[in-house]
2 protein chains.
Amino acid sequence: MAADGATQRAACGQRRVEGSSRCRDCEIRSRAFCAAFGDAELTALEAVIETISLNANSEVFFEGDTADYIYNVNAGTVKIFKSLQDGRCQILGFPVEGDLLGYPVGDSHTYSAETLTPVRLCRVSRARLRDLASGFPALESKLLEIMAGELAGSQAQMTVLGRKSAPERVASFLVQLSDKSIANGGTGASLSLSMSRHDVADFIGLTAETVSRVLTQLTRDGLIAIPQPYRVDLIRIEALRDLAAAEASI
Amino acid sequence: MAADGATQRAACGQRRVEGSSRCRDCEIRSRAFCAAFGDAELTALEAVIETISLNANSEVFFEGDTADYIYNVNAGTVKIFKSLQDGRCQILGFPVEGDLLGYPVGDSHTYSAETLTPVRLCRVSRARLRDLASGFPALESKLLEIMAGELAGSQAQMTVLGRKSAPERVASFLVQLSDKSIANGGTGASLSLSMSRHDVADFIGLTAETVSRVLTQLTRDGLIAIPQPYRVDLIRIEALRDLAAAEASI
DNA sequence: GTCTCGCATTGATTTGTGTCAATAGGCCCG
DNA sequence: CGGGCCTATTGACACAAATCAATGCGAGAC
């Protein structure tokens with residue numbers, strides 16, 4: 001799903017603001033924060049939302065930037081990350097369609113965001129959203145639900161980063177992608193990665209070489225197959241889950 | 001670690017419910033989610049809040065438990081953590097007075113919580129809180145703000161766990177404690193730890209031995225002093241900040 | 001007072017993962 | 001079609017932190 005979009009990239013401006021969008025036709029509305037708005041409120045929402053298209057490998061915002069907008073990913077994959085002085089990088093997540101980008105509170109962005117593939121975003125001014133929210137308590141309720149989900153996700157990832165071995169980390173990553181794919185209607189058995197080995201490594205706290213070695217080993221053990229570098233088939237997914245779930249099964 | 005608490009539990013009442021509390025006299029109300037309530041609403045709040053006292057080393061709830069309540073720490077220190085099957089443990093944080101325990105959404109707790117010191121908690125039924133919230137949009141707004149702050153904190157910790165060296169991790173931990181102490185009105189130069197070396201290690205993704213070695217080295221280098229095992233004086237705090245802030249200074 | 005137990009510290013050694021380096025494959029471009 | 005570039009893979013080696021082990025210290029029990 002990643003590479004095909006490259007055609008759109010063409011020679012056009014890296015960031016195209018396409019103006020107001022038709023939220024009532026939006027296919028992912030039910031998965032985004034916009035789900036908080038009923039049909040009646042959609043007109044108000046459409047008035048404050050802009051749609052933006054970005055090429056692959058372009059920045060959305062940097063850590064420390066004033067946070068004037070929040071975004072919703074409409075299509076494509078983004079990486080959000082924190083950088084250290086010497087170039088080390090911790091990737092915090094890979095938001096895809098339906099995911100929120102940027103927090104609804106705070107003055108500035110606490111992480112950087114960069115596209116991995118061509119991406120379509122919805123952008124809303126936070127000031128305007130705040131005005132809207134005063135009339136719709138359901139919005140803050142929805143945002144709260146989203147933030148709580150993200151917090152639980154970060155805490156699971158803290159466990160991966162702080163306490164799991166390299167094979168457990170890679171398995172956790174693959175299972176996570178698989179689950180997300182299933183949630184979006186896929187089978188979860190064949191994954192299309194939109195990020196490099198290096199990005200995977202920066203997400204799970206390893207190096208690209210170690211990720212590569214572990215993937216090779218998992219292939220030898222028959223848990224996965226890698227027909228192309230950016231495609232992973234999960235052959236023995238229960239075994240992968242066992243490896244990933246060093247977690248106590250509550 | 002859940003096991004040791006079992007001994008103490010027998011002797012004295014492990015959990016004393018002290019009944020409704022007087023929120024208008026509460027000294028930490030401005031730091032807790034209860035700050036969302038104005039003086040007028042305090043009576044309603046007092047009606048649904050219970051105060052609980054716990055000994056050190058007693059569990060508040062376990063990961064997977066049905067989340068009927070959320071809690072606010074009133075006094076003392078708690079640890080929240082996730083356990084792996086083989087006993088590995090990742091501590092997610094050390095909530096202290098003013099901090100929220102448990103999420104306002106979701107069916108069950110996503111982590112376990114255990115006291116490190118004697119603790120006083122406020123407990124609110126989530127169902128009752130939901131009823132209250134329908135009348136006060138400020139509550140969800142406040143909860144949203146709290147969750148966003150916690151999310152930003154987890155993401156900073158992900159960077160510590162995924163990308164920092166042992167000395168950087170220990171320095172990050174000390175600076176974080178110092179900042180929290182300053183925020184609560186202290187000088188931030190002399191810290192009283194309420195957790196063991198082992199707990200520190202489980203928080204920053206090391207072993208107790210490594211934490212001990214790093215602390216010894218920092219002492220030799222004159223950055224800190226350790227008059228007693230549970231007390232740390234930060235002598236050259238700028239140097240500690242430099243070490244911790246491998247972060248790009250935005 | 002002495003015994004015991006848990007925790008912190010320190011040392012010796014091992015090991016998992018990082019680092020450095022070389023090779024190979026895919027893709028775009030001229 | 002060949003050249004350059006980027007990424008993935010693989011190997012050899014180094015090193016940071018884990019593991020294993022021993023000692024010491026302080027608090028509570030009796």
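These values consider heavy atoms only, across backbone and side chains, with no hydrogens, waters or symmetry-generated copies. These numbers were taken from a predicted model, which means no experiment stands behind them.
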Could you run down the sub-3.5 Å N/O contacts of the protein with nucleotides 19-23 of chain C?
residue	atom	partner	partner atom	Å
C/dT19	O4	A/Arg213	NH2	2.8
C/dC20	N4	A/Glu209	OE2	3.2

Heavy atoms from other residues, nucleotides or ligands near CD of A/Glu238 exceed 12 (cutoff 6.0 Å): yes

Among A/Ile226, A/Leu234, A/Ile224, side-chain contact (heavy atoms from CB on, under 4.5 Å) partner for A/Leu218: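 For A/Leu218, the side-chain contact (heavy atoms from CB on, under 4.5 Å) check succeeds only for A/Ile224.
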
Option passing side-chain contact (heavy atoms from CB on, under 4.5 Å) with B/Val78 (candidates B/Thr117, B/Val96, B/Val119, B/Leu116): B/Val119

Partners meeting side chain to side chain contact (heavy atoms under 4.5 Å, CB included) with A/Ser196 (sequence neighbours left out):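 Scan of A/Ser196 (side chain to side chain contact (heavy atoms under 4.5 Å, CB included), adjacent residues dropped) gives A/His198, A/Asp199, A/Tyr230.
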
Parallel, tilted or perpendicular: rings of B/Tyr111 and B/Tyr103 (30°, 60°):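 B/Tyr103 and B/Tyr111: perpendicular rings.
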
Mutual orientation of the aromatic rings belonging to A/Phe173 and A/Phe94 [parallel < 30°, tilted 30-60°, perpendicular > 60°]: perpendicular

Axis bend over the full length of the helix from C/dG1-D/dC30 to C/dG30-D/dC1, computed from five pairs that close each end, to 10 degrees: 40°

Ion pair check, [X] and [Y], cut-off under 4.0 Å:
X	Y	answer
B/Glu97	B/Arg31	yes
B/Arg241	B/Asp179	yes
A/Lys164	A/Glu247	yes

Beyond-backbone contact of B/Glu150 with B/Leu100, side-chain heavy atoms, under 4.5 angstrom: yes

Any N/O pairs under 3.5 Å between the protein and nucleotides 22-24 of chain D? List them or say none.
none

Sugar-phosphate, base or nothing in reach of B/Leu215, heavy atoms under 4.0 Å: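 B/Leu215: no heavy atom of the nucleic acid under 4.0 Å.
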
d(CG, A/Asp202; P, C/dG18) in whole Å: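 It is 11 Å, rounded to the nearest whole Å.
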
Between D/dA16 (P) and B/Gln217 (CD): distance, integer Å: 13 Å

B/Thr115 side chain to B/Ser58 side chain, donor-acceptor N/O pair below 3.5 angstrom: yes

Any donor-acceptor N or O pair under 3.5 Å, side chains B/Ser194, B/Thr77: yes

OP1 or OP2 of D/dT10 under 4.0 Å from side-chain N/O of A/Ser212: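 For A/Ser212, the contact criterion (side-chain N or O under 4.0 Å from OP1 or OP2 of D/dT10) is not met.
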
Phosphate OP1/OP2 of C/dT10: any B/Thr216 side-chain N/O under 4.0 Å: yes

Close aromatic pair by centroid cut-off 6.0 Å: A/Tyr69 and A/Phe61: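 Ring-ring flag for A/Tyr69/A/Phe61: false, centres at least 6.0 Å apart.
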
Test item: B/Arg197 side-chain N/O and B/Glu209 main-chain N/O as donor-acceptor pair under 3.5 Å: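 Pair absent, no side-chain N/O of B/Arg197 close to backbone of B/Glu209.
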
Proximity to DNA chain C (any heavy atom under 4.0 Å), residues of residues 154-178 of chain A only: A/Ser165, A/Ala166

Contact list for DNA chain C against residues 227-235 of chain B - heavy-atom distance below 4.0 Å: B/Tyr230

Verdict with reasoning, B/Ser190 to B/Arg231, per side-chain hydrogen bond (donor to acceptor under 3.5 Å, both in side chains): CA-CA 7 Å; B/Ser190 183; B/Arg231 176 155 290 280; 2.7 Å; yes

